[in-house]
Amino acid sequence: MLLASIGGLGGVGKTALALTAGHAAAEAGYFDGSLFIDLHGYDENSVDGGQALEAFLRALGVARDNIPESVEERATLYRSELAGLAAQGRCLLIVADNASHADQVRPLLPGGGPHRLLITSRHTLATLNARLLDLGVLAPQAAATLLRHTLLTADPTDRRAADAGAALEELAGLCGYLPLALHISAALLILEPCQSVAELAAELAAARSRLEFLDDGERAVRASFDLSYRRLPPDHAALFRLLALNPGPDVGIGAVAALAARPLPAVRVVLRSLVQAHLLECVNQRWSMHDLVRDYATELVRNVSNPPQHSADDGVSEGTAAEQDRRHRRLLEHYAATAASACAHLDAQAASPAPGDFAGQNEALAWLDSERANLTGTATAAAGAGFDDIAINLPVILYDYLTLRGYYDDLISVTTTACRVAHQSGAVAAEAGASNNLGIALSEVSRYEEAFRAYHRAHDLFASLGNANERGKVLNGLGLALRLSDRPAEALRAHQEALTIQRFIGDLREQAAALNNLSLAYQDLEEYEKGGAAAEEAASLFNRLGDTANEANALCTAAFSLHAGGKAEEGRVACRRALAASRATRNPYVEAVSLMTCAELDALDPQQHIAYLQEAEAACEQANAAELRAAALSAIGTALTTAGERDEAATYFVRAQNILEELGLTKQAAEVHDMITALQS
């Protein structure tokens, strides 16, 4: 390969790598000499091919008067001189540093022979037929090592890096692991010997602008990025600025098209160009910015009162603050509308497939998973931008998805935002609904005292609105939280009050829900006969409503109450009824719950017991119910252990442990690990 090109973000260390590699190659005997030129490709007065050839020819010993005027003639003479050196057995490394485009370096190609051309550029020079190396930022450990090495080079007695502990890694992270930023931070420490690494890291973290802070008087990260930005065509520069409005760490092409109000093919061309300029990174059709580049773009997009250099009418130029707000809202509306379309596919009981942008539930879930950070960020961004309707409504749209996946921290975050925005805007009904959802989410992560406050707030707001039905729903949720916090008597009273309200209103569905929860409270208090009766009544109501899934759940509740109350055969009958109902729903989650209930309570032989659990595990996988699937796997492991199949049992326990660890359920994972250890002893 005659030539190689190192591409990368400004400040990533391309020149340093080229020079280090060149010196190492020369010391190893690969080259007899070298030519070097800085093409200043991103400066206002860059070096063109003809000027570079003149410099090289003079370095090769050609007199000024013998250098031709035209670029073509200079290139011919240049290659002739190189051929002469090759004939003498000499080989040169030619380094063309800081090229901005392929045409700038084409005249410098050495032709045939042993000579090699090494190019550095902020762009990926894909048309040169060169070996391409795109240089990324340093790994965290390497970044910390660079800081340490730079300080010790300046003063071998400097103990600050050795004494810094985690602060050194923190400083490296705040620098985005970008070598230029790391060198500047080291220089700031060298210039102020009394400052510790931790103190500098704290200053950088608290700085109004990291870009403004990362300037040692000779080098500045912002100035480095300016050079790349100024080379962009106006429409590319405008889209680069607008991408700072994206609320998450990366963005899909559909969202970019919505932001720019341009068709996908046109947007893809610009994105490709920004990737080529190393101002964007692309992985799996997701585009992202380095942290410091995002800071730079954010500063540009905020500077609408003093437009940056690229301000032509280019089709995506944001122009004024009002236009920028309009584009920002359009982006957030895109996320909210697409989320609504995706979440419409999550109801497994839907009579027909939901219309919209997705072919089915799996495709919808894949989109929601890939956009989760953007969707939760949209709620926060909308609140900050004054788009109250999006901030209030999006958490409601996302509720089913976030609960399905178990992302309760995200649900708490976005719903807390919705509560605040609704309260500030006087949207009482919206605040009441958001407070109720917040109570549910807080209960799921065992933050019960906060959950009680949220439920009481929702109850009082619905009471002020005269909405008894919603007040009853809140009491039902409050009862569940009280049960989970080991306050069964209070839970019983809350469910009884909820049932009284719903019976007065005549809402059969909410009556059934309250009755099922009332059964659970009775069971906690060991009043199993009342618990069984309440659950049977709930199942009957769900049956009248045609809600087979909840009928199956209520029958499972009844089965446990009957079994605990000494009515084992009646409990087994309820189990079988639950299983039959669940299979009619074609809802894998409900079927899994019923199968596991039957496996626990029904009179099954060991083989049938394991078969039910294996069927439940498969249903959990189909339903994406990871935690329940881990419980099924663990139950299979226990059953196999009892049957003497210890090796096979271990495989199920390991699978359960892996799932629980992936979910972050460390306590449950440790319990399963203890089972594995017991098997091996």
Side-chain angles (χ1 to χ4, degrees), residues 404-406 444 446 483-484 486 520 523-524 526 528 531 552-553 555-583 587-681:
L404 174 68
R405 288 300 203 212
E444 289 289 345
S446 304
R483 277 192 65 243
L484 292 170
D486 296 323
L520 296 171
Q523 291 180 54
D524 290 340
E526 299 184 359
Y528 298 117
N553 288 333
L555 286 168
C556 286
T557 304
F560 278 108
S561 192
L562 290 164
H563 188 273
K567 298 181 178 180
E569 182 55 37
E570 291 179 51
R572 287 193 284 270
V573 170
C575 279
R576 295 163 194 159
R577 289 168 59 202
L579 184 56
S582 70
R583 283 178 166 157
N587 182 320
Y589 182 85
V590 175
E591 189 171 352
V593 171
S594 299
L595 282 162
M596 292 182 71
T597 302
C598 283
E600 183 173 349
L601 301 181
D602 208 346
L604 304 172
D605 61 55
Q607 187 176 358
Q608 185 64 47
H609 177 70
I610 293 171
Y612 268 32
L613 290 172
Q614 288 174 329
E615 194 177 347
E617 189 265 326
C620 289
E621 183 178 16
Q622 185 181 354
N624 297 305
E627 187 174 356
L628 187 61
R629 185 183 177 199
L633 287 165
S634 184
I636 296 168
T638 301
L640 287 168
T641 302
T642 302
E645 302 290 340
R646 297 169 69 88
D647 290 341
E648 190 176 357
T651 64
Y652 281 94
F653 282 133
V654 168
R655 290 169 63 194
Q657 181 184 352
N658 290 339
I659 291 173
L660 292 168
E661 287 174 347
E662 289 174 5
L663 293 172
L665 300 173
T666 54
K667 181 180 178 182
Q668 294 92 320
E671 291 171 355
V672 175
H673 180 72
D674 290 342
M675 297 178 188
I676 298 170
T677 303
L679 279 176
Q680 295 169 343
S681 62

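The local environment of OH in Tyr528 is crowded, with over 12 non-hydrogen atoms from other residues, nucleotides or ligands closer than 6.0 Å. Heavy atoms of other residues, nucleotides or ligands lying less than 6.0 angstrom from CD of Gln607 number 12 at most. No more than 12 heavy atoms of other residues, nucleotides or ligands lie within 6.0 Å of CD in Glu627, so this atom counts as exposed by the packing criterion. For Asp647, the CG atom sits in a loose shell: 12 or fewer heavy atoms of surrounding residues, nucleotides or ligands are nearer than 6.0 Å.
Two residues are said to be in side-chain contact when any heavy atoms from C-beta on lie closer than 4.5 Å; Leu579 and Arg576 fail this criterion. Between Glu600 and Phe560 there is a side-chain heavy-atom pair separated by less than 4.5 Å. Side-chain contact between Leu595 and Leu613 is absent, with no heavy-atom pair separated by less than 4.5 Å.
When atom types are taken as modelled, the side chain of Asp602 and the backbone of Leu604 share no donor-acceptor pair closer than 3.5 angstrom. Side-chain atoms of Thr651 come within 3.5 Å of backbone atoms of Glu648 as a donor-acceptor pair (strictly under, hydrogens ignored). Judged by distance alone, the side chain of Arg629 and the main-chain N or O of Cys620 form no donor-acceptor pair under 3.5 Å. Of the possible donor and acceptor atoms, one in the side chain of Thr638 sits under 3.5 Å from a partner among the backbone N and O of Ser634.
Ion pairing of Arg655 with Glu662 is absent here, as no side-chain N (NZ or NE/NH1/NH2) approaches a carboxylate O to less than 4.0 Å.
The CG atom of Asn553 sits 8.0 Å away from atom OH of Tyr589, with the distance rounded to the nearest 0.5 Å.
There is a side-chain donor-acceptor pair under 3.5 Å between Gln614 and Tyr652.
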